[in-house]
Amino acid sequence: MNIYVIGAATTRFGELWGISPRTLAREAVVGALKDANLEARDVNALFVGNMLSGMLGGQEHLGAFFAEELGFSVPAFKVEGACASGALALHNAINSVLAGLYETVVVLGVEKMTDHKPEDVATALMGAGSEAERLAGATFPGLYALLARAHMQEFGTTEEEMAAVAVKNHYHASLNPNAQFKSILTVEKVMHSSRVADPLKLLDCSPISDGASAVIVSRNKGIQIVASVVATDTLGLAERKSLTELKATREAGQNAYKKAGVSSHDVDLAEVHDCFTIAEILAMEDLGFCKKGEAVRTIGKSGKPVINPSGGLKGCGHPVGATGIKQVVELVDQLRGRAGARQVTKARVGLAHNVGGSGATAVVHILIC
Amino acid sequence: MVGIVSYGTYIPKYRIRLADIAMAWKKDPGEVVGSLGIEEKSVPGIDEDAVTIALEAARSALHGELVEALFVGSESHPYAVNPTSTIVGELLGIGNNYLAADLEFACKAATAGMQAIAGLVAANHIKYGLTIGTDTAQSKPHDILEYTSAAAGAAYLLGRENVSAELIAYTSYSSDTPDFWRRDGIRYPTHAGRFTGEPAYFTHVLGAARDLLQKTGMKAENIDYCVFHMPNARFPRDAARRLGFTSDQLAPSLTVDAIGNPYSASSMLGLAAVLDVAKPKQKIFMVSYGSGAGSDAFLWETTGNIKRHQPSVKKQIQNKTYIDYVGYLKQTHKI
């Protein structure tokens, strides 16, 4: 595909109580424009990935909102797909350039979540689930706990093995200046953290975060995007064919490898959607990095692909709409050799995996340098 | 010199164990108690409220002085319009020639009264003024605040003569920070979760404290005791540590460990617990905190003539009887 990332930037992620969504967006977009050596007037369109601006902030119309804030008088769109909003926005931006509609497109992922009580955020996030799940009183930790239980039952996966994912991601995050958490974890610390939705404990769960990330795509040379694929599955877990795989991930991954002309073995690093530790395990298997049920054997071991060098959602933070774009920013930094202490050696092929809800939407991007 | 002439406190005798509240909501009692650092909290009797508690505290602070100002600070005044202060004044029998005012500022209502009355005394406009912090703190069942919201009262008579502890200096730190609030007509307060920590409690407590240390040219090591507002067992300990105080300097004030957080009476009760044990010529550093937000900081120095309050705070803490969760719901008028 004749499409490249020519600019990329991210804010730090965290509890940014003193920083407004406008300021976050400006920081990310101005950073990306600077990175691309472009000015505001060079931009032809703006795609904004975000999930909760309406439910938590009373503001839905984000295309126009951020176009005004950023000084772009251009076509602007809000794209929503729960926690996959960022990658979906990028997918749409890519299509608009490939279709010849726009030349230089800014994709902004932004989310502001920490100004609200956790209960209110958890309720709003259930907008990504099915009505039946909402009526049953489920929240996302609960839904992923079901997936964890199924995996434990079928493959003997243990809580300690899931905890190892959090430990590894916090280690990566400690090397990332933009990460929300810099603390080093141990399996023991994870095991002793409070139960949120059994078997998931506090430290098995990604946090509530604020942040923004932006990339600029065009046909000019940069880091090449060789695949951008979306797949969907049933909204609710009850309607899934299997609880030990995310079919949307598998489909999106397989189609992406085909489009890119690579296989899972060629991937040097992958930013996957570890909203909960079990989610990373499922992603590693469903993206073909390991056989089903065997992902836990490779966690923390050296070898390719390196999973979540940014710290993932768990360590870096998960401002929902920003995550999908942050993943691509991380890939771009890695592929350019600018990832500092967390640089993956000889990084050539990178994969970003962004999931909406409990697997109802999955988006996979593959980038190559 | 202007300072505390005498003081009085009152803690209702009923206690509910946090573990019993946790078990009612199917939460792990060990986890709740461990994270809050509190085992039990005080509960008002079914016929007690901020007014009765204020009265009990104030009675033991007065020894016939002519009170010319009476301020009552609370966030559970029984009336939105009708003064608690004159009900208490009437029952204390202080006559009619006094300034009465009801104050509200979350948990620091009464310490604002301390500063105001200190000013009136220092200006020689009044001889004695009484400030009372009192609360029967309300919290929504199943909310995290249910574990710590408690009841107590503390009264301080300020004046120029027969001073037990001189007021050396004071500062305040105030801002518009919406960490915890209750709209008029709404029964239970709302709070902003983790936002109540660093941007709220710590910014204001440390702000007022550092200002006071600078103003007086003092360091923590030159001071004998410290008292901080106590919403849970962790915050005052963190604040003390960050200002350079030792755990020994803080320990006598930590009434929260035994009875929870009685809101407007919290830091004032902590101060009383320290005055109960302080020796003459000792310095006490005290910082209150009220959500919304603000902190009042005070540096006191005991004189050679401390009029200790009886029964002591320790004795009042020990005078207790346990109730169960149903009893708690009845006594706090939820059922």
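By convention in this document, chain letters (A, B, ...) are assigned in the order of the sequence lines, proteins followed by strands, and residues within each chain are numbered from 1.
- Under the 4.5 Å side-chain criterion, counting only non-hydrogen atoms from C-beta, A:K314 is in contact with A:L203.
- Listed by chain and number, the residues in a side chain to side chain donor-acceptor pair (under 3.5 Å) with A:T10 are A:S213 (sequence neighbours excluded).
- Using a 3.5 Å distance cut-off with no hydrogens or angles, the side chains of A:N308 and A:Q327 do not pair a donor with an acceptor.
- The candidate from B:A192, B:P199, B:G193 with the greatest count of non-hydrogen atom pairs under 4.5 Å with chain A is B:P199.
- Residues forming a side chain to side chain donor-acceptor pair (under 3.5 Å) with A:H151 (at least two apart in sequence, or on another chain): A:T157, A:E285.
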Once you leave out hydrogens and angles, what donor-acceptor pairs under 3.5 Å do chain A and chain B share?
from	atom 1	to	atom 2	distance (Å)
A:E15	OE1	B:R194	NE	3.3
A:E15	OE1	B:R194	NH2	2.9
A:E15	OE2	B:R194	NE	2.3

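- Applying the side-chain hydrogen bond (donor to acceptor under 3.5 Å, both in side chains) test to pairs two or more places apart or on separate chains, none has a residue in residues 138-148 of chain A.
- The closest side-chain heavy-atom distance from A:M51 to A:L56 is not below 4.5 Å.
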